[in-house]
**Student:** 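Here's a structure for you.
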Amino acid sequence: MSMISSRWSRRALVAAVSAGWVAAAQAELPAQQQEQASGWFRMMVGEYEVTALYDGHTSLNTSLLSGMEQDEILRHLDALFIDAESGVQTAVNAFLVHTGENLVLVDAGSAACFGPTLGQVEKNLRASGYAPEDVDTILMTHLHPDHVCGLADENGDAIYPNAELRASQDDADFWLDKERSQALPEEQRAFFTMAQDAVAPYQESDRFSPFEQGDELLMGIVAQDTHGHTPGHASFMLNSDDDSMLVWGDVVHNYGVQFADPSVTIEFDSDPEQAASTRQAVLESAVADKHWVAGAHMPFPGIGHIVEDSEGYRWLPIEFGPVSSDSE
């Protein structure tokens with residue numbers, strides 16, 4: 001009887017020790033980190049190195065969309081497992097292009113203009129291996145705050161001290177016209193004021209020069225007229241070797257809906273009918289030419305291709321992989 005008791009005692013001891021080890025292991029488990037890696041992604045377009053920079057995200061209510069019933073909008077989003085109940089998560093992206101001769105930033109993000117979930121372009125640019133001082137050219141698709149506020153810091157100084165800032169003449173004429181903005185009701189002036197404040201340090205140092213649609217701004221980078229979202233909205237076609245990419249700004253805000261039906265517009269469009277017409281033309285061109293697309297409000301990194309779909313168009317995002325060029 002004593003032998004049986006001894007065996008059970010040993011088993012109890014082993015069980016107790018094991019339980020202690022498990023408890024100790026559980027006690028030492030670190031807390032969940034709940035942070036992401038740095039928000040940048042890199043690829044080659046011919047000889048051009050393109051780095052997507054994540055500014056952050058904002059939430060857009062589907063009521064901002066027009067041209068489709070809300071039930072239908074929600075059906076499209078639900079099919080893509082997008083929960084729109086509290087607003088659709090919408091990325092804000094900028095793009096850094098190293099041509100070999102120039103370091104070009106396309107759009108600058110929102111800085112502090114839209115709250116703590118945005119304003120990460122400068123941080124992610126540094127994380128990607130570059131510094132703001134390295135940027136020599138900034139191309140603006142348009143002068144809305146989520147693209148332009150990241151040009152200046154909280155003191156009103158230029159974040160990119162060596163860069164020439166360029167925006168379309170039509171957008172500059174509209175958003176930087178102080179007489180126009182002062183004539184508006186106070187509640188409508190905010191977008192104008194934010195654009196004017198962000199551009200001001202570049203104007204003061206003679207580093208702001210508007211362009212005309214169709215201009216070749218740098219070797220292999222051409223401004224394309226994609227107005228409608230704003231009076232002078234531009235996109236930029238990058239051409240290097242046999243590869244190309246259109247950095248298209250705000251041609252699409254909600255890929256879950258506007259690819260299925262390009263006629264759907266958003267409240268922020270200055271000319272909704274023209275914005276829809278531009279979107280249709282841009283999507284048709286992307287399908288026909290098979291070029292890369294980089295979108296400011298596409299899910300990060302915002303880079304992919306467009307193909308036709310039974311309901312309209314479909315987004316094919318780029319896969320993560322090593323950075324390589326055809327010359328390697």
**Student:** Starting at CG of Leu316, measure out to CD1 of Ile303 and round the result to the nearest 0.5 Å.
**Tutor:** 14.0 Å
**Student:** Give me the atom names and distance for the closest heavy-atom approach of Thr51 to Glu49.
**Tutor:**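 Looks like OG1-OE1, 3.9 Å.
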**Student:** Which class fits the ring pair Tyr130 and His98: parallel under 30°, tilted 30 to 60°, perpendicular over 60°?
**Tutor:** tilted
**Student:** Taking side chain to side chain donor-acceptor pair (under 3.5 Å) as the cut-off, I'd like each qualifying pair that reaches into residues 111-122, sequence neighbours left out, listed once.
**Tutor:**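 Output for this query lists Gln120-Lys123, Glu122-Arg126.
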**Student:** What pair of heavy atoms forms the shortest contact from Leu184 to Phe192, and how long is it?
**Tutor:** CD1-CE1, 3.3 Å
**Student:** For residues Leu143 and Ala195, report the shortest heavy-atom separation together with the two atoms involved.
**Tutor:**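 Closest pair (atom of Leu143, atom of Ala195, distance): O-CB, 3.5 Å.
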**Student:** Does the side chain of Gln34 come under 3.5 Å of the side chain of Gln32 through a donor N or O and an acceptor N or O?
**Tutor:**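 Note: Gln34 and Gln32 side chains meet the donor-acceptor criterion.
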**Student:** Verify the distance criterion only: is there a donor paired with an acceptor across the side chains of Thr278 and Gln274 at less than 3.5 Å?
**Tutor:**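 A pair is found: one side chain offers a donor N or O, the other an acceptor, under 3.5 Å apart.
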**Student:** Give me each pair satisfying disulfide (SG to SG under 2.5 Å) with a member in residues 122-202, each pair once, sequence neighbours excluded.
**Tutor:** Cys113-Cys149
**Student:** Please verify the inter-ring angle class for His297 with His147; under 30° counts as parallel, over 60° as perpendicular, anything in between as tilted.
**Tutor:**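 Ring orientation, 0 to 90° scale: perpendicular.
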**Student:** Which atom names give the shortest non-hydrogen contact between His76 and Ala260, and what distance separates them?
**Tutor:**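 Looks like CE1-CB, 3.5 Å.
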**Student:** Are Ser63 and Asn61 linked by a side-chain donor-acceptor pair shorter than 3.5 Å?
**Tutor:**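 Note: Ser63 and Asn61 side chains meet the donor-acceptor criterion.
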**Student:** For the atom pair CG (Asp136) and CG (Leu103), what is the distance rounded to the nearest 0.5 Å?
**Tutor:**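 Result: 6.5 Å between the selected atoms.
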**Student:** So, for Ala163 and Tyr202, which heavy atoms are closest and what is the spacing to 0.1 Å?
**Tutor:** O-CD2, 3.9 Å
**Student:** Pick out which of Phe174, Trp175, Phe114 makes a ring-ring contact (aromatic ring centres under 6.0 Å, His included) with His144.
**Tutor:**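 Exactly one option meets the ring-ring contact (aromatic ring centres under 6.0 Å, His included) with His144, and it is Trp175.
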**Student:** For Gln213 and Ala234, work out which heavy atoms get closest and say how close.
**Tutor:**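 Heavy atoms of Gln213 and Ala234 come nearest at OE1-CB, 3.5 Å.
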**Student:** Give me the ring orientation class for His229 and His142: parallel if the planes are under 30° apart, tilted from 30 to 60°, perpendicular past 60°.
**Tutor:** perpendicular
**Student:** Could you measure the distance from the CD atom of Glu47 to the CG atom of Leu238? Nearest 0.5 Å is fine.
**Tutor:**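 That separation rounds to 13.5 Å.
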**Student:** Answer yes or no: is there an ion pair linking Arg189 with Glu186, defined by an N-O contact shorter than 4.0 Å?
**Tutor:** no
